[in-house]
There are 2 protein chains.
Amino acid sequence: MKGPKKTVSSAEVARLAGVSRSAVSRTFTPGAYVSEETRRRVLEAAEMLHYSPNAIARSLSKKSSGLVGIIASNLDNPFYAAMLAELSSQLQRHDYGILLLVADSPKLDTLIPKLLSYQVDGVILPAATLSSQMAVILQRSGRPVVLVNRYLRDEVVSSVSGDNVGGGRAVAELLVATGHRRIAFIAGQDDTSSSRDRQQGLAEGLARHGIAICARETGQFNHHQGAIAARQLLSRYPRPDAIFCANDVMAMGALEVAKVEFGLRVPEDLAIVGYDNSEQAGWPLHQLTTVDQHLGAMAREAVELLVDRLRTGHDGIEHRIVPATLVQRATTRRRPD
Amino acid sequence: MKGPKKTVSSAEVARLAGVSRSAVSRTFTPGAYVSEETRRRVLEAAEMLHYSPNAIARSLSKKSSGLVGIIASNLDNPFYAAMLAELSSQLQRHDYGILLLVADSPKLDTLIPKLLSYQVDGVILPAATLSSQMAVILQRSGRPVVLVNRYLRDEVVSSVSGDNVGGGRAVAELLVATGHRRIAFIAGQDDTSSSRDRQQGLAEGLARHGIAICARETGQFNHHQGAIAARQLLSRYPRPDAIFCANDVMAMGALEVAKVEFGLRVPEDLAIVGYDNSEQAGWPLHQLTTVDQHLGAMAREAVELLVDRLRTGHDGIEHRIVPATLVQRATTRRRPD
DNA sequence: TTAGCGTGTGCACACGCGTGCAGAGACATG
DNA sequence: CATGTCTCTGCACGCGTGTGCACACGCTAA
């Protein structure tokens with residue numbers, strides 16, 4: 001019970017079982033040539049010694065670690081926390097291990113090489129903003145990379161995203177159909193494709209009815225900045241009669257500001273729409289109308305995309321888009337039939 | 001640009017630099033004997049070939065992977081999502097890599113051995129409920145383990161937790177001081193030490209004033225079940241005039257039920273207190289009175305505890321307790337002076 | 001009997017790296 | 001010059017595994 005237990009190797013198992021080390025190795029390698037008798041003796045010896053194969057050594061030998069790197073960020077946003085959980089679960093289902101990097105620190109650029117040094121077989125980046133230098137390094141490593149909920153202008157790396165343009169368009173349709181004309185937008189960060197695309201979708205949808213976005217602020221995808229943006233928007237004259245926020249967290253901030261500070265009735269005086277359909281959005285106190293990105297599907301597609309490339313070894317950039325669904329709740333007026 | 005780039009090894013760098021492989025190794029090993037001249041040539045050659053040391057091979061050779069396993073769960077709870085982020089950040093600061101396991105799947109028991117097979121140097125478990133069988137396996141592996149926000153009856157593994165008893169007691173004092181007498185409790189899961197201790201603290205604090213907990217329900221630490229529990233409690237007669245919930249998520253569920261379904265004024269008709277001081281608790285719409293566990297401090301202590309054992313190799317069970325702080329907001333009455 | 005075949009098995013090398021050890025120089029000291 | 005010290009370098013082995021290859025063995029067919 002004291003000291004770091006001496007690690008038991010396949011050699012010792014082999015000795016105890018009276019076979020060669022190869023036999024042990026083959027016993028633990030699915031689909032290898034071992035007689036039933038040998039396998040039995042090996043397993044017995046292994047159990048006795050509490051042997052379990054050393055994945056590090058295996059990785060070295062097979063030149064494949066069975067590890068996938070995930071570069072997570074924005075974990076304070078429930079959407080990305082859930083995304084991480086979902087990605088992990090999917091990867092575990094495919095028997096991959098996960099090397100995690102949390103990228104809120106600005107040291108990201110020194111951390112990615114470290115990730116690669118562990119010979120991860122592939123990398124998934126949900127929502128990370130990737131410096132072009134790191135993109136080059138990842139590219140050069142020759143390992144498949146999948147971006148989730150982001151993409152890069154130069155189509156150099158695969159991605160899975162929600163249909164942000166379509167989602168924005170659906171919001172536009174809903175707002176127009178329920179009688180709104182002065183529609184404002186609260187963006188996330190300007191350099192993210194998701195925020196840009198949602199805005200574009202909104203603009204397109206409105207344009208179809210000859211309407212333009214009446215005002216726009218930036219909320220950095222977080223609650224506090226979202227509230228500030230809403231405060232700005234609601235102080236204008238004429239006041240917007242609807243606000244579309246690039247995510248739920250900001251929408252809840254806007255909702256609070258509208259109710260608490262401006263005493264507005266929602267949706268009578270002001271409609272508010274979010275994006276993500278996070279769990280909180282459905283809570284009775286919010287009842288936020290929002291857009292469901294089908295996070296589970298996105299995670300599944302991302303992992304599938306990656307695993308496919310890992311198994312077949314084929315490389316090829318691919319961009320998948322997961323449809324989005326409008327979820328009507330209590331922060332928008334009822335649609336007339 | 002095609003195919004998995006051939007991995008470049010230290011031998012090739014050595015050849016290009018005209019030195020031995022040892023020199024290359026030493027150049028990348030802090031505190032090793034290399035002349036300035038050799039180091040320069042090696043670094044130059046390395047840069048030219050885009051060489052970076054293979055951490056897997058290093059791990060095998062050094063018999064230490066530089067990896068720490070984190071077994072996460074309940075990522076849908078903002079508190080644990082933040083905890084994961086904080087733990088990661090702390091570990092990264094200490095230059096450890098993170099092998100992540102998300103344990104919401106019931107397959108946890110098959111996953112832990114896999115984690116160990118990657119030769120993690122240590123393991124951190126926030127909030128995981130550990131089967132006794134896995135506890136044995138972890139124990140046998142001889143690797144340091146730290147439980148966060150949980151502990152085991154048999155003091156066989158180190159832990160860091162918040163002062164749940166103290167927190168519960170503080171809540172009791174507040175509620176009594178603000179005139180409440182019929183105080184109910186919504187528990188998390190019965191088999192978690194954190195929920196039990198918070199309840200115990202509450203009971204102790206109330207007992208000091210000759211009061212007992214008037215009712216109790218279980219909310220599984222999640223929003224939905226929390227709301228159901230609140231519904232039960234508020235349907236009783238006489239109705240409780242205060243509810244203490246074992247975490248914020250359940251408290252928000254209770255808050256909703258109280259306001260929306262029962263039309264109660266908070267805090268006039270009913271006081272509600274949560275636990276965790278999650279970000280959402282502070283949002284204007286909730287303004288939830290709660291207990292701050294000082295998550296950052298907990299993460300720091302946990303990592304420090306682990307890293308200390310990793311560096312010094314000394315083993316020894318230790319239990320640390322991080323003080324909790326009551327955060328008064330709008331869901332409880334103002335304290336009289 | 002001999003040749004041929006199919007099934008298991010063990011040998012030996014490879015994977016990429018760290019490091020103890022011995023030894024080569026350079027230099028100072030006696 | 002002889003000896004010692006100090007700084008660096010390369011050799012060679014070990015870390016624990018996977019696997020190509022040769023080969024042993026038992027059996028069948030000619």
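Proteins get letters first, then strands, A, B, ... in listed order; numbering begins at 1 in each.
The number of heavy-atom neighbours closer than 6.0 Å to CD of A/E37, taken from other residues, nucleotides and ligands shown, is above 12.
Between A/L60 atom CG and D/dC15 atom P there is a gap of 14 Å when expressed in whole angstrom units.
In the model, B/D121 has a side-chain atom that pairs as donor or acceptor with a side-chain atom of B/S64 under 3.5 Å. Using modelled atom types and a 3.5 Å distance limit, the side chains of A/S35 and A/T38 yield a donor-acceptor pair. No side-chain donor from either of A/Y118 and B/N54 sits under 3.5 Å from a side-chain acceptor of the other.
If you check every strand for non-hydrogen atoms under 4.0 Å, B/S22 touches a base.
Not one side-chain nitrogen or oxygen of B/K63 sits closer than 4.0 Å to the OP1 or OP2 atom of C/dG18.
The pair A/E44-A/R40 meets the salt-bridge criterion, with a side-chain N (NZ, NE, NH1 or NH2) lying under 4.0 Å from an Asp/Glu carboxylate O.
Contact of B/S25 with C/dG16 (side chain to base): no donor-acceptor pair of N or O atoms is detected under 3.5 Å.
In the region residues 49-57 of chain A, proximity to DNA chain D at under 4.0 angstrom, judged on heavy atoms, holds for A/Y51, A/P53, A/N54, A/A57.
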Anything under 3.5 Å between a protein N or O and an N or O of nucleotides 7-9 of chain C, put it in a table, one pair a line.
from  : atom 1 : to    : atom 2 : distance (Å)
C/dT9 : OP1    : A/S35 : OG     : 3.0
C/dT9 : OP1    : A/T38 : OG1    : 2.2
C/dT9 : OP2    : A/S35 : N      : 3.1
C/dT9 : OP2    : A/T38 : OG1    : 3.3

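Proximity of a side-chain donor or acceptor of A/S195 to a complementary backbone N or O of A/T192 within less than 3.5 Å is not detected.
Checked against A/V146 for a side-chain contact (heavy atoms from CB on, under 4.5 Å), the options A/L125, A/V303, A/V160 give a single hit: A/V160.
One finds the OG atom of A/S158 at 12.0 Å from the CD atom of A/E301 (value rounded to the nearest 0.5 Å).
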